[in-house]
Amino acid sequence: MQMTPQMGYDRAITVFSPDGRLFQVEYAREAVKRGTTAAGVKANDGVVLLVDKRITSRLIEAESIEKIFQIDNHIGAATSGLVADARALVDRARVESQINRVSYDEPIGVEVLSKKICDHKQSYTQYGGVRPYGTALLIAGVDDSRPRLFETDPSGALLEYKATAIGAGRNTFMEIFEADYRDDMDMDAAVMLGMKALYRSTEGKVDAATLEVGLVTLKDRQFRKLTEEEVGAYVQRIRDELKDDSKDEGEKAGDQGEGKTE
């Protein structure tokens, strides 16, 4: 039996394929792509994180599934992929934040923390006996004068975004963000943009009980998760808004159809 050129190169994390790829890292990215959708949107006065928890059984208690975590007073993170891996990274991020406070008597910078987490993730791509983390994190927070939003990859790559998404619904989210994002949005508009993308990606099946929303503003510099009642108010607003849009589109299509038959 003749071996294919690719065969065997995915059996160890330290082996490059002939075309320069690390297959174990690519498999970890696939774990993220199959995970629940998480999104982050920056506003001019803060940043918001949203996660669709994708409850698979009515017997599951929705509040037992946690996909948004507070790391420090001014920083939060949303996850997609292997949640157990994400919890380990969140614990490490919390320790790094406290080390910075003890050492320098100041809160850690969002970019500094993101780079520390990515350095740790990258180290797990170059040693035998370990595997890459099968999770991506969206790290959101506020620095001295502006909100920050970073996406971390299983490879340890780091990018800063105005708005981004990870997980199964990423393509739908990015299309909406590319079309509708504005630099002058306030926090309310940023939450509504994220809700719109969630509504479109789930085809209208949005439930406040299965959504997590966390935000931090420049004014109070305190990351917090919205209550189910607060999330429910946003869900109702986006349902009303998009139902009106769909009615308008239907009326326009009907008018055009009548015009063609005349």
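Because the structure is a prediction, the values reported are computed rather than measured.
Contact check for D72 versus Q98: side-chain heavy atoms found under the 4.5 Å cut-off. At least one side-chain heavy atom of L193 sits under 4.5 Å from a side-chain heavy atom of I176. Residues F173 and T164 form no side-chain contact, since every pair of their non-hydrogen atoms from C-beta on lies 4.5 Å or further apart. Using a 4.5 Å cut-off on side-chain heavy atoms (C-beta onward), T36 and D52 make no contact. A 4.5 Å side-chain heavy-atom check between I68 and F223 finds at least one atom pair inside the cut-off. The closest side-chain heavy-atom distance from R224 to E230 is below 4.5 Å. Considering only heavy atoms from C-beta on, E96 stays 4.5 Å or farther from I71 through its side chain.
Between E26 and R29, none of the side-chain N atoms (NZ, or NE/NH1/NH2) sits under 4.0 Å from a carboxylate O, so this pair counts as no salt bridge. A salt bridge links D85 to R131: one of the charged nitrogens lies within less than 4.0 Å of a carboxylate oxygen. Contact check on K162 versus D183 returns a salt bridge, with a Lys/Arg side-chain nitrogen under 4.0 Å from an Asp/Glu carboxylate oxygen.
F16 and Y124 are members of different hydrophobic clusters when ILVMFWY side chains are connected at heavy-atom separations under 4.5 Å. Hydrophobic clustering, with ILVMFWY side chains joined whenever heavy atoms are under 4.5 angstrom apart, groups Y181 together with V48. No single ILVMFWY cluster, assembled from side-chain heavy atoms under 4.5 Å apart, contains both L218 and L113.
In this structure, the separation between CE on M192 and CG on D186 is 11.0 Å, given to the nearest 0.5 Å. If you take NZ on K67 and CZ on R87, they are separated by 11.0 Å, rounding to the nearest 0.5 Å.
For R34, the CZ atom sits in a loose shell: 12 or fewer heavy atoms of surrounding residues, nucleotides or ligands are nearer than 6.0 Å. Sparse packing is recorded around NZ of K115, with 12 or fewer heavy atoms of other residues, nucleotides or ligands lying under 6.0 Å away. More than 12 heavy atoms of other residues, nucleotides or ligands lie within 6.0 Å of CG in D19, so this atom counts as buried by the packing criterion.
Within the 3.5 Å criterion, the main-chain N or O of Q70 finds a donor-acceptor partner in the side chain of R94. In this structure, R182 contributes its side chain and A43 its backbone to no donor-acceptor pair below 3.5 Å. Between the side chain of R170 and the main chain of A165, a donor-acceptor pair closer than 3.5 Å is present. In this structure, the side chain of N44 engages the main chain of D184 through a donor-acceptor pair within 3.5 Å.
E175 and N171 form no side-chain donor-acceptor contact under 3.5 Å, judged by distance and modelled atom types alone.
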Dump the intermediate steps for side-chain contact (heavy atoms from CB on, under 4.5 Å) on L82 and Y133, then the final yes or no.
CA-CA 8 Å; L82 301 181; Y133 284 95; over 6 Å; no

Stepwise salt bridge (charged side-chain N to carboxylate O under 4.0 Å, His left out) check, E160 with K42:
CA-CA 11 Å; E160 184 172 8; K42 274 202 302 190; 3.6 Å; yes

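A side chain to side chain contact (heavy atoms under 4.5 Å, CB included) with V231 is found for one member of L211, L50, V191 and no other, namely L211. Paired with V47 under the rule side chain to side chain contact (heavy atoms under 4.5 Å, CB included), one option of L215, V41, V216 passes, and it is V216. Just one of L137, T79, L138, T37 meets the side chain to side chain contact (heavy atoms under 4.5 Å, CB included) condition when paired with I166; it is L138.
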